[in-house]
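Excluded from the calculations below are hydrogen atoms, water molecules and symmetry mates; all remaining heavy atoms, backbone and side chain alike, are included. Keep in mind that what you see is a predicted model, and the values were worked out from it rather than measured. In the text below, chain A, chain B and the rest are named by the order of the sequence lines, each starting its count at 1.
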There are 2 protein chains.
Amino acid sequence: MGSDAKARAARVASRCGNQDANLFLRLLAASTASSVQAQRLLKSTGELTITEWRILWDTVEAGPLSVQDIALIQRSDHSLISRALPGMRSKGYITTKRSAEDKRNSLVHVTAKGRRAYERAAPVMKARRRALAKAFTADEMETFLGLITRFETHLAETSSDLETSRSHAVSV
Amino acid sequence: MGSDAKARAARVASRCGNQDANLFLRLLAASTASSVQAQRLLKSTGELTITEWRILWDTVEAGPLSVQDIALIQRSDHSLISRALPGMRSKGYITTKRSAEDKRNSLVHVTAKGRRAYERAAPVMKARRRALAKAFTADEMETFLGLITRFETHLAETSSDLETSRSHAVSV
DNA sequence: ACGAATTACGTGACAAGTCATATAATTTTT
DNA sequence: AAAAATTATATGACTTGTCACGTAATTCGT
């Protein structure tokens, strides 16, 4: 390794050390790794995407649900759910029916085929959750979730401040 | 609200309560919210995407860096970095030069223009980090980061087990 | 009871991230 | 020194997620 490369490696190591403490980056990396694992597991047991799996899971456990319901439970955008439905319908996993009570709602029902697809994936996904529960004590998990909640609250509270702070910083 | 809708609302509430304790989902939601905030802030101060911002930040602090270096620091895939470079080059933020020592390495250098773009965004991004540092004590942050590290380690350790556990569960 | 605001859903446009694969340069093995 | 393995980069194909906007249905205010 040349001396330039050696110096660069030192800079990289130092920078890595810094960024290891960057919560924003660390959260992103952890959540990405988690999604990648889930995707891999789903691929190994069937043909479900993560989005499809989550929709099946929720509707099996608590269905029928509207698009908005599912998005709320998953803390995601309704469009993500909405977009997954036509594919799931054409695969025969679900049916959707406008609610008689409120015709804006499109209620998602699982079919027998959808339930079978869910049941193929469920054991591994359950094992995954069980393994996680074993890796952390109940106290630790509570602490972890509490910190995440505080982080989210913090984001919500500071977002508007930060967006206007720029002009303040300039004018003050 | 009709009785069907009321029953559905109850199921949703119960399901939400369950999923609030789902670390996988919670991490994803938190990291997504964080990225959304960063994207918004960057948009308000300039025209940088998150990826461009991170690349500028790293190269300003520790450049010149290779594609691989940057990916390592950001715990991301090298292709994400690689793909962002042509645009940044054409905007005049960076130049890339094959390393003389190892011609595989493409070294990213920040230009004066790139540095100015960085400096426009930097104050808000710094304020963001400062606000976060105020929201958590040093101890809490250490705990948080430690839990994330353990989560990542856990994922790495269990991934292969889980992928094969399926066949075991069937055969045993 | 009518007009205004809200809510639900769908869809286009985009950013961010992955993996697989190809190619070139380097290092390791024999 | 040639062959084999590894490493760095680039790129195509894909999933996941956002936001903005349009339209239809509902609710709210007067």
Looking at A:Lys91 and A:Glu52, does any basic side-chain N land under 4.0 Å from a carboxylate oxygen? yes

Tell me the closest heavy-atom pair linking B:Ser35 and B:Ile50, and the distance in Å. O-CD1, 3.5 Å

Is a side-chain donor or acceptor of A:Thr143 paired with a backbone partner of A:Asp139 at a separation under 3.5 angstrom? yes

Specify the residues of residues 47-61 of chain B, ordered by number, for which at least one heavy atom lies under 4.0 angstrom from an atom of DNA chain C. B:Thr49, B:Ile50, B:Thr51, B:Arg54

Answer with yes or no whether the side chains of A:Ser66 and A:Asp69 bring together a donor and an acceptor at under 3.5 Å. yes

With A:Ala131 via side chain to side chain contact (heavy atoms under 4.5 Å, CB included) - residues at least two apart: B:His154, B:Thr158

Over how many whole Å does the gap from B:Leu72 atom CG to D:dA8 atom P extend? 10 Å

Residues that A:Arg89 engages under salt bridge (Lys or Arg N to Asp or Glu O under 4.0 Å), provided they are two or more places apart: none

Under the rule for salt bridge (Lys or Arg N to Asp or Glu O under 4.0 Å), what residues qualify as partners of A:Arg40, not counting sequence neighbours? B:Glu163

Can you tell me how far C1' of C:dA16 sits from CD1 of B:Ile81, to the nearest Å? 11 Å

For B:Arg98 and B:Arg104, the nearest pair of non-hydrogen atoms, with its separation, is NH1-O, 2.8 Å

On a plain distance test, is the side chain of A:Ser79 in donor-acceptor contact with the base of D:dC19 below 3.5 Å? yes

List in chain and number order the residues that pass side chain to side chain contact (heavy atoms under 4.5 Å, CB included) with A:Lys113, two or more places apart in sequence or in another chain; answer none if no residue qualifies. A:Tyr93, A:Thr111, A:Arg116

Holding to salt bridge (Lys or Arg N to Asp or Glu O under 4.0 Å), I want the full list of residues that pass it with B:Arg150, two or more places apart in sequence or in another chain. A:Glu140

Look at the side chain of A:Arg83 and the base of C:dG12, then say whether one donor and one acceptor between them are separated by less than 3.5 Å. yes

Using whole Å, what does the distance between atom P of nucleotide C:dC14 and atom CG of B:Leu42 come to? 19 Å

Spacing of B:Arg98 atom CZ relative to D:dT7 atom P, expressed in whole Å: 17 Å

Whole Å only: how far is the CG atom of A:Leu80 from the C1' atom of D:dC14? 15 Å

What residues form a salt bridge (Lys or Arg N to Asp or Glu O under 4.0 Å) with B:Asp20, not counting sequence neighbours? A:Arg75

Where do N or O atoms of nucleotides 21-26 of chain C meet protein N or O atoms at under 3.5 Å, pair by pair?
from   : atom 1 : to       : atom 2 : distance (Å)
C:dT26 : OP1    : B:Lys103 : N      : 2.9

Rounded to whole Å, please give me the gap between CG in A:Asp77 and P in C:dC14. 17 Å

Sequence neighbours left out, cut at 3.5 Å: what donor-acceptor pairs do the side chains of residues 78-86 of chain A make with other protein atoms?
from    : atom 1 : to      : atom 2 : distance (Å)
A:Ser79 : OG     : A:Asp77 : OD1    : 2.6

Please report, rounded to the nearest Å, how far the C1' atom of D:dT18 is from the CZ atom of B:Arg40. 10 Å

Output the rounded distance in Å from CD1 (B:Ile94) to P (D:dT9). 12 Å

Where along residues 17-39 of chain A does a heavy atom fall under 4.0 Å from DNA chain D? A:Gln39

Compare side-chain N and O positions of B:Asn105 against OP1 and OP2 of D:dT9 and report whether any pair is under 4.0 Å apart. yes

Which hydrophobic side chains are connected to A:Leu27, either touching it within the sub-4.5 Å cutoff or through other members that do? A:Leu23, A:Phe24, A:Leu132, A:Phe136, A:Met141, A:Phe144, A:Leu145, A:Leu147, A:Ile148, A:Phe151, A:Leu155, B:Leu23, B:Phe24, B:Leu27, B:Leu132, B:Phe136, B:Met141, B:Phe144, B:Leu145, B:Leu147, B:Ile148, B:Phe151, B:Leu155

So how far off straight is the helix from C:dA1-D:dT30 to C:dT30-D:dA1, going by the axes through five pairs at either end, to 10°? 30°

Decide if atom CD of A:Glu47 counts as having more than 12 heavy atoms of other residues, nucleotides or ligands within a radius under 6.0 Å. yes

